[in-house]
Protein chains: 2
Amino acid sequence: MPMSMPLGDTPRRVTRRRVATRARLLDAAFTVFAAKGFGRVSIEEICDAAGYSRGAFYSNFATLDELFFALYQDRADVIAAQVAEALAQDGPGLDVPAAVDRVTEVLLLDVDWLLVKTDFLVHAARDPDVARALLDHRARLREAVADRLFRARGHTELPAVLGDVDSAAHAVVAAYDGVTTQLLLDKDVEAARAWLKQLLTALLTDGSRTPV
Amino acid sequence: MPMSMPLGDTPRRVTRRRVATRARLLDAAFTVFAAKGFGRVSIEEICDAAGYSRGAFYSNFATLDELFFALYQDRADVIAAQVAEALAQDGPGLDVPAAVDRVTEVLLLDVDWLLVKTDFLVHAARDPDVARALLDHRARLREAVADRLFRARGHTELPAVLGDVDSAAHAVVAAYDGVTTQLLLDKDVEAARAWLKQLLTALLTDGSRTPV
DNA sequence: TGTATTCGATACACCGATGTATCGAAAGGG
DNA sequence: CCCTTTCGATACATCGGTGTATCGAATACA
């Protein structure tokens with residue numbers, strides 16, 4: 001059978017070279033997507049940036065969409081792990097300001113990631129399958145936050161307006177998204193961090209407490 | 001001089017026909033952008049949807065980007081006016097739940113608009129000039145909210161954590177953006193409205209007050 | 001109504017990007 | 001070390017979209 005690109009079924013031998021090129025293609029894609037936006041990038045640009053020809057691309061992916069999806073999955077996993085780690089620290093009593101600080105550092109670390117993630121959002125908004133992947137990622141983040149808040153119940157009080165721990169976690173993610181939008185426009189990372197800290201503090205601590 | 005498309009200088013006569021075609025092109029563009037995303041739309045698709053040929057397009061715009069920009073400006077003005085109107089109602093004493101209800105209805109009315117607006121965000125994130133336009137729109141919304149809160153000072157208390165009226169307005173916009181993101185993924189308008197109301201209430205009323 | 005001007009349809013030339021087929025080179029198994 | 005399998009570079013055919021030039025039709029103004 002002279003089919004030259006058997007992508008449908010897994011090849012029997014899995015080469016070391018293959019995983020390396022795949023990784024380099026994904027890295028290059030991340031850079032190029034961040035710089036120009038998914039909608040304005042050609043397959044060839046990514047291959048050039050990675051130091052390959054288009055043959056390498058078609059040997060590893062069927063379409064640009066497929067590469068984009070794989071790229072998002074990889075990076076989202078890393079972020080989720082980082083957030084979980086940032087929340088795992090200190091004991092059962094939740095030190096809200098400290099935890100907020102750590103999470104904020106992780107979430108607003110890399111503007112390029114926010115750019116790519118927003119491209120992916122736009123993409124997902126028109127494709128239910130892709131949307132599912134993004135919703136999964138958000139759910140993972142939310143659960144990490146909710147778990148942490150749940151462990152802290154009894155030690156630290158939440159404002160009553162938010163209701164349960166789950167709503168509070170939802171609110172944290174929403175605040176993150178809101179600050180992200182502003183950051184993408186003014187590119188002021190430090191301002192965004194300060195602002196996200198303030199927002200999260202306002203959401204997670206009782207309003208009757210005085211700030212600062 | 002046989003230049004056939006004098007777009008640089010304003011034509012001496014301004015035809016009625018021209019404004020009609022321009023409007024129809026913008027309307028069609030809105031529909032097509034919402035359905036497929038800015039990055040996946042060709043000039044020809046828009047002309048087809050509007051019932052024109054590409055000649056009409058090039059007679060009115062120089063590039064797709066230019067049309068997109070004009071489209072955003074038009075619609076953003078409408079939204080800003082609607083929000084201002086929703087906030088203008090009832091007297092100096094601010095009825096937070098009622099105002100929140102009205103604003104929420106306006107802001108989360110049209111999912112297509114949210115889709116296009118997010119496309120525009122992604123676009124603006126890579127072009128400072130475009131970003132300025134979007135920041136202007138956001139500033140207009142913020143000011144409308146801040147004005148309203150300012151008029152209500154003394155009558156209604158804000159939670160201390162948010163600080164001044166301006167921070168509170170900032171928080172309102174951030175909450176809007178956050179809820180928008182979720183809505184684009186799950187397409188559940190009613191859930192988004194309920195959730196935005198809850199978030200805004202949590203942000204704008206003192207946490208010591210009990211809800212509902 | 002006549003006429004100068006503007007508007008938009010059509011046709012054409014032109015990339016740029018895509019996907020496939022082919023083949024030499026690299027890599028792993030024996 | 002040989003030989004089989006896989007990987008990725010190159011070449012090719014093709015297609016869709018772009019931008020411009022041209023020209024008839026529509027429109028405003030006198």
Side-chain angles (χ1 to χ4, degrees), chain A residues 1-29 32-33 35-71 119 123, chain B residues 1-29 32-33 35-71 119 123:
Chain A
M1 49 174 82
M3 277 291 291
S4 65
M5 312 215 156
L7 266 176
D9 43 291
T10 317
R12 328 178 220 181
R13 281 187 190 166
V14 194
T15 14
R16 209 175 319 173
R17 178 162 64 140
R18 190 176 191 77
V19 305
T21 39
R22 189 186 154 95
R24 285 181 56 191
L25 279 173
L26 288 175
D27 272 8
V32 178
F33 284 158
K36 309 191 51 173
F38 177 67
R40 295 178 185 267
V41 167
S42 72
I43 293 175
E44 200 152 17
E45 276 175 292
I46 293 175
C47 297
D48 283 357
Y52 290 102
S53 81
R54 291 208 336 279
F57 174 88
Y58 284 107
S59 172
N60 282 277
F61 305 96
T63 66
L64 241 197
D65 283 20
E66 189 182 307
L67 178 147
F68 195 26
F69 192 86
L71 168 60
D119 273 8
H123 193 211
Chain B
M1 52 173 78
M3 276 293 289
S4 65
M5 312 215 157
L7 265 177
D9 43 290
T10 319
R12 327 179 222 181
R13 281 187 189 166
V14 194
T15 12
R16 207 176 319 176
R17 176 163 63 139
R18 190 176 193 77
V19 305
T21 37
R22 189 186 154 95
R24 284 181 55 191
L25 280 172
L26 288 174
D27 272 8
V32 179
F33 284 158
K36 311 190 49 173
F38 176 67
R40 297 178 184 265
V41 167
S42 71
I43 293 176
E44 200 152 16
E45 276 175 292
I46 293 175
C47 297
D48 284 357
Y52 290 103
S53 81
R54 292 209 334 281
F57 174 88
Y58 285 108
S59 172
N60 282 277
F61 305 96
T63 67
L64 240 197
D65 283 20
E66 188 182 309
L67 177 146
F68 195 26
F69 192 86
L71 168 61
D119 273 8
H123 194 210

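Below, chains carry the letters A, B, ... as their sequence lines are ordered, and counting in each starts from 1. As the structure is a computational prediction, the values presented were derived from the model and not from experiment. Heavy-atom basis, side chains included; hydrogens, waters and symmetry copies ignored.
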Atom-to-atom span, CD of A:E44 to P of C:dC15 - whole angstrom
16 Å
Work out which heavy atom in A:E66 is nearest to a heavy atom in A:N60; give both atom names and the distance.
OE2-O, 4.1 Å
Just to be sure I understand the rule, does A:R54 reach a base, reach only the sugar-phosphate, or reach nothing, if contact means heavy atoms closer than 4.0 Å?
base
Between B:R40 (side chain) and B:F33 (backbone), is there a donor-acceptor pair under 3.5 Å?
no
Nearest whole Å is fine: how far is C:dT20 P from A:F57 CZ?
12 Å
Think A:T21 has a side-chain N or O under 4.0 angstrom from the OP1 or OP2 of D:dG8?
yes
Here the distance between atom P of D:dG17 and atom CG of B:L67, to the nearest Å, is 16 Å
Nearest-angstrom distance from the residue atom OH of A:Y58 to P of C:dA17:
11 Å
Using a 4.0 Å heavy-atom cut-off, does A:S53 contact any base of the nucleic acid, only the sugar-phosphate backbone, or nothing at all?
base
Tell me: CZ of B:R17 to C1' of D:dC29, nearest whole Å?
16 Å
Round to the nearest Å and state the distance from B:L25 atom CG to C:dC7 atom C1'.
12 Å
Ignoring backbone atoms, test whether A:N60 places a side-chain nitrogen or oxygen under 4.0 Å from the OP1 or OP2 oxygen of D:dG8.
yes
Which of parallel (below 30°), tilted (30 to 60°) and perpendicular (above 60°) describes A:F38 and A:F68?
parallel
Please state how far atom CD1 in A:I46 lies from atom P in C:dG19, giving the value in whole angstrom units.
13 Å
Where is the tightest heavy-atom contact between B:F57 and B:L67, given as atom of each residue plus distance?
CE1-CD1, 3.6 Å
Could you check how far CD1 of B:I43 sits from C1' of C:dG8, rounded to whole Å?
15 Å
Given DNA chain D, 5'-ward residue of the pair A:T15 and B:V41, judged by closest heavy atom
A:T15
Phosphate-side-chain proximity, B:S59 and C:dC7, N/O vs OP1/OP2 below 4.0 Å
no
Report yes or no: does B:R22 contribute a side-chain atom to a donor-acceptor pair with the main-chain N or O of B:F61 at less than 3.5 Å?
no
Tell me which of B:S42 and B:R16 sits closer to the 5' end of DNA chain D, going by the nucleotide each one is nearest to.
B:S42
